[in-house]
Structure formats: structure tokens, C-alpha cells
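Below you'll find the structure, written out as C-alpha cells, and then a few comments.
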2 protein chains.
Amino acid sequence: MSSHFKTTARPTIIDVAEAAGVSKSTVSRVLQGDAASVKPDTRRAVTRAIRKLGYEHNAIASMLRTARTFMVMLITPDIANPFWSEVARGLQDTLERPGYSVVVGNGDQDSERENAFLKTARRNRFDGIAINPTKIHRRTLLATGIPTVILGIRDGFAGLDMVGSDSFQGAFEALTYLYQMGHRRIGFIDGRYVTEQGRARAQAYAEFLKQHNLEPDPSLKVEVPFDRAGGQRGMRVLLSLAHRPTAVFASNDILALAAMQTAQEAGLNVPRDLSIIGMDDIYPTAMTMPGLTTMAKQKYETGCQAARLLLERIEGTALREARRCALPCQLVERGSVAPRS
Amino acid sequence: MSSHFKTTARPTIIDVAEAAGVSKSTVSRVLQGDAASVKPDTRRAVTRAIRKLGYEHNAIASMLRTARTFMVMLITPDIANPFWSEVARGLQDTLERPGYSVVVGNGDQDSERENAFLKTARRNRFDGIAINPTKIHRRTLLATGIPTVILGIRDGFAGLDMVGSDSFQGAFEALTYLYQMGHRRIGFIDGRYVTEQGRARAQAYAEFLKQHNLEPDPSLKVEVPFDRAGGQRGMRVLLSLAHRPTAVFASNDILALAAMQTAQEAGLNVPRDLSIIGMDDIYPTAMTMPGLTTMAKQKYETGCQAARLLLERIEGTALREARRCALPCQLVERGSVAPRS
DNA sequence: CGTATAATTGGGAACGTTCCCACTATTAAT
DNA sequence: ATTAATAGTGGGAACGTTCCCAATTATACG
């Protein structure tokens, strides 16, 4: 007769045990699907009691005891950026099956915010972290003691799993594609974060020029910040040249789209007067006129792969070497590139 | 000498208490910032011990005891959709300050998935839920016993807080704007979800025609699914009319952008030959040529407001009536609308 | 039928907090 | 100086699981 009156609140496994005439241990076993070690009859009795009482498993209590939370923290510069929300989607979709939830944080390229999320991950004993670090260093990440995967291929994060795109290969193939279309004078709008990144693309540009015996012309390469204004400025500079390029490669689609818009506003016909190629393949590239030809990054797949590496670390038995997984970029032809006329 | 050897693992408040020469109760008080009831000296001793041991608060244990998790579940059809990721951003930014984390789920317009996330929210004793329900009913939501806010203005969710955009007002003003620009023959590409939604826009269209004594022409209104293909088809139908519209209003920007692209591919000059106006103001609208003129929804603000309503429910003392908060849409002129020539 | 073994089950202890209540110093009031 | 009130502190129970080990029951085998 004990818990007849007190239980206005949510029932616990003890209530279930009582109702089923077994011990809480047995209920726990049923809950964990420990099929092997509980008699079918008992199992039935327990499940019936569970349904009857409307029992719902308390994940919090379970977390405390098992020290496993089935929570993963995702830290990106900005989840509202279509690039990262695609990655997030892949991560979530893959982690959902084995029962993990994903908390997303907007690091905002801000050291304090990034650290705040890391702190949350530690305090809440998260099982894993996926992060595109902008201000956070390797040591800080390692110090959490939480399995972590770096989103993007970056130097200075030895010992951590990494998954991102092969920007060198992507940039190189983009340039080669323009070359094959007959272009020889190729402009390069090079986006730069505050933190040194994107070196790969610049290296690819240099390497490309070398391989094709093209004379490097410094005026064809313009460095700008990674945003719309940067793309505008980059294009304006290139258009102001006495000897204009016939094609332009931009470090990412934001830059490329802004550049294309700027060229169009200046009265140029893309691709007839000027070819443009970008990188990433974000959402809006299909919506412009013409559509933007670009080297697509496997964003969704990046998320999926990151999730898989994370799961290996979290649930894996034997610890293995850190892996560096660079997914290849792929050309998507839309309409912003034409043969040189 | 007790915990000298066992503590290879993370230190607990008991370890801290020992190191500081106080009881765990006192440490707990310090941790909770209960400044009033602990002497400055003791507080200092405790904080010093915390730093020395590298103690980190265990949120899980705290959750179990307090029955508060500081977690909120966000369920949208798709977080990779730029509309929802903006909303998510607003929600997160607002919830971050008071210490809440947001778990995002992609409902995918799938009953099972939506329910799975709801289950996670219950099992993990989440403090709040923000959802744009597609297949989930009011009763299910109320049954969770968790404070919930509906994203979007919807019928059939009485008793629940709601925050979204005033689509009727938005659509009406969009049409009025076209009218003021001299357009009289206005096409309407009406997006439809499987579940009845978007009625408001259709009503606004009807009401608009009536107020301006415009003869309703059924051929000017075409219903399509809410995606790019829908926008294409809608525009093709309108272009095929013997008596074409001079302007087109589309239910959202996805449709409008696809429609604009289709018109351009058909050789029309937007806005000279045809004006187009959309709704939502998603990311890509600024990147096309011309930019898409649209009725902007306050996406970020929707998230913020939803967060505020949720916080009121979660932390609020007195319970209040359910609120319905319809944020007004606002015209953003870009370049896809011109006066009728 | 008795014993050895395996299959089930039960009973605490533990996870690391918070909260209530009791207790001891300290201060204020008479 | 004595008592009353207050500020500060400590100790234990509780939150709801899981897990280890012991106890019980069923099965197998001779």
C-alpha cells in the first residue's frame, strides 16, 4: 500500500517493480533490453506495468549512474550559415540512430563564446564534441578529455580526428576546368579569415600557374574578407584592371555570388564576358541567373563522417591513431562558366 | 588521507570540501552563488580549493536533484532550411544568457521522427520545447507536461503559446505594394503543404481583389508545392496564359526565386517585363540579379520571442493565459519589382 | 533422488548533487 | 550578564538509476 498516495508525480522503476511484483533490478534489466537474462513471463509482466503506469525512463538518473549522456556538442561559427547547417544536418542524422542528441552552439568566431560552449560540454559530461575551431587551440580541446572531432582540415590539431574537404584538390580542379575552357588569364579572389586558413587554395593557385607555365600576375590575385562585401570589392578590383581576366575563381560561393552580382551590375554578361567559378555549393548557387558553377564540398557527408569518427571514439574499445579525412570536392556545372570566346 | 589515492577521476564537491576544510554543504552554497549565507573567508578558501583541484561542477547530478535540466528542444521540419536556421539562431542566442542549451531536431515532416524527439525531450526531462508542428497534434504536446511554444501562427493549438508572422498582413501589403506600382493583373503562386497551412495568404489575395474591385481571374492563381519545382511550374503556367500578369506574388521566397529564374530563362527581363515579389526574406534573395523584393518575416526575432515566452513559462511563477504573438512582415525592396510600364 | 550447474532474481551501494533541519558561534537587545 | 535572535555551518537523506554480488530457483546429469 506504500506508494499509493505519494505517486502523483512521475512513476519510477520502483513503482513499476511494485506493480509488477518484481524487484527494481529486474525492471532495470527489462528496460535495458537485457533479453537474455529475464524470463519471458516476467518481462511481460513488467512491460504491462510500465504501460499501465505510464512509466517513462529517466535519462538523467541513468546518466548520473552510467556517466554516459548520449549528448554531443556541435560548435560552428554560425549555424545560420547554410554551409554549417548542412554539416549539422549530416551530423544529427547519423547520430540520431544510435540515440544521441546534438546541442548546437554558435561560436561566432569569438573566443569567449567558444569556450563557454566547451564548458557546457564539460559540465554536462557530453560524450562528444564536433567543432570548427576559430579561436580555440588544440591543447584546450585535448584538455576536455572528451572525444572530439575537428570539422575542416586544419594544421595544429595533431592527435585529433579531422574531417573536411580537400580544398587544394578542389581549387586545383576548378582552375584546371577554367584552363580547359580556354581561359589563360584567371583572376583569384582569395578569402581570408583572421586566423590563417585557406592557404590550400592559394597554394593550389600558385601550383596551377606553375604547372601550366602561366606567368604569375600579382594584380590578378586579390585578398578580401570572407563575406559579400569582400566579393564585391574583389570583383571591382579585377574589373578595374587594364588587362582584365577572362575568368575568376573565388575561394567560396559567398564571394563568388557577390562577385557575379557585381560584374552583372557593371553591365557584364556572365558567362559570355566573364566566367566565374566558386567553391562550396551552398544553397543559393542554384537560384541565381545564371546558376553558379562551383566546386561542391560534401557538406552533409562531412557531418556524417564526423559523426562516425566520433562514435568510434566514444563507443570504440581500442583507441586508434587520429584520423584525417579529406573528402574530395566535385565540379557542379551550372552556367557561370563558358569557353573563352 | 581518505581520498588521496582514489581521486584519479574528476574531483567532486566532497573532495573540494575536504581540501578547503569545510563541509560539502558549504561548497554547494558557494557554487550556487549563495553569497548571503557564507562568510567571505570561507568562500575564498572554497574557491581556492576549487581552482587547485580543477573541480568542475557536475550538471548531471544537479539535474537529478533539482529536476531542472536547462535544456530546450527545438523541433523544426529542417534545420538546413535557411528560414529555420535563422529562427534557431534567435532562440539559441536568447536562451544562452540564462544558461540554457538547445537541442535541435529535424522533424522532417515525419510523424515518427517528430514523436521521437518529443520522447527524447520527455525522457531527458527537458525544461522546454519549441516546435513547428507538422504532424503532431495539440493533445500530444500538452501531454508532455513540458512548457511548449508553437513556432508559427496556427489553428488547433489552443492553450499553447504561439509566435510567428502575420502572413495575412504580409501578403496583403505585398499585393498592395504591387497595386501602388500600377499593377492590376497580378498572378499568385500559392504554395501548399500537405497539411493545410498558408490559408492566410490566399485569404489576403481574395480580400485584396475585393477591396480594389479587381475581377478574380482563376487562371491567375496557381497552387503548387512549396519547393523550387513548384515555383518553376507556377511561373510556366502563368507565362503560358494568353493574357499574362504584369506582376506575380509568390507565397515564399523559394517559389519566388524559382519563378524569377524561370521567367528569366524564358527571356523575360525582371522587373521590366514582369515584377515578382516573394515572402520570408531568406538568405539567397540578396544574391540574385536583380535582388528579390520580398515581404520579410522576422525570423531571428521569432526565435527570440519564442525563447522569451518559453522562459516565462519555465521560470515564471504565476501561470498566465496562452499568448499568440504575430510579428508583422516588412517590405524589403531589392529590384524585382518595377512600376508597370 | 541428490548434487552440480545454470538461469533468474533480489538487495544494497553508488553516482554527485541539493535541500532540509539541526547545531554552533556570533551579535543584538534588555 | 543573560537571553534572544541571527548568521554561518555541518550531516544526512533524497533524487532514480545501474551494477555488483548474493540468494534463490530451475535444469541437467549421474
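Atom set for the values below is all heavy atoms of this structure, side chains included, hydrogens, waters and symmetry mates excluded. Below, read A as the first sequence line, B as the second, and so on, with proteins coming before strands; counting in each chain starts at 1.
Applying the ring-ring contact (aromatic ring centres under 6.0 Å, His included) test to every pair with at least one member in residues 86-115 of chain A, sequence neighbours left out, gives these pairs: A:F70-A:Y100. Evaluation of the ring-ring contact (aromatic ring centres under 6.0 Å, His included) test over residues 105-139 of chain B, restricted to residues two or more places apart or in two chains, returns none. Sorted by first and then second residue, the side-chain hydrogen bond (donor to acceptor under 3.5 Å, both in side chains) pairs with a member in residues 298-308 of chain B read B:D93-B:Y300, B:E301-B:R308, B:Q305-B:R308; sequence neighbours excluded.
Under the side-chain contact (heavy atoms from CB on, under 4.5 Å) criterion, B:T148 pairs with B:I129, B:I131, B:L141, B:T144, B:L160, sequence neighbours left out. Every residue was checked against the side chain to side chain donor-acceptor pair (under 3.5 Å) condition with B:E86, not counting sequence neighbours, and none meets it. Here B:R113 pairs with A:E96, B:D108 under the side chain to side chain donor-acceptor pair (under 3.5 Å) rule; sequence neighbours left out. Contacts of B:N106 classified as side chain to side chain donor-acceptor pair (under 3.5 Å), with partners at least two apart in sequence or in another chain: none. Remark: B:R324 engages B:I153, B:D155, B:M162 in a side-chain contact (heavy atoms from CB on, under 4.5 Å) (not counting sequence neighbours). Partners of B:S28 by side chain to side chain donor-acceptor pair (under 3.5 Å), not counting sequence neighbours, listed by chain and number: B:Q32.
For the pair A:R43 CZ and C:dT9 C1', the interatomic distance rounds to 14 Å; values are reported in whole Å.
When the side-chain nitrogen and oxygen atoms of A:T12 are compared with OP1 and OP2 of D:dG16, none of them lie within a distance under 4.0 Å. For the pair A:Q32 and D:dC19, the criterion of a side-chain N or O lying under 4.0 Å from OP1 or OP2 is met.
Rounded to 10 degrees, the angle separating the terminal helix axes of the helix from C:dC1-D:dG30 to C:dT30-D:dA1, each built from five base pairs, is 40°.
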Give every pair of a protein N or O atom and an N or O atom of nucleotides 20-25 of chain D that lie under 3.5 Å apart, one pair per line with the distance.
none

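For the segment residues 60-68 of chain A, the set of residues with a heavy atom within less than 4.0 Å of an atom of DNA chain C comprises A:L64, A:R65, in numerical order.
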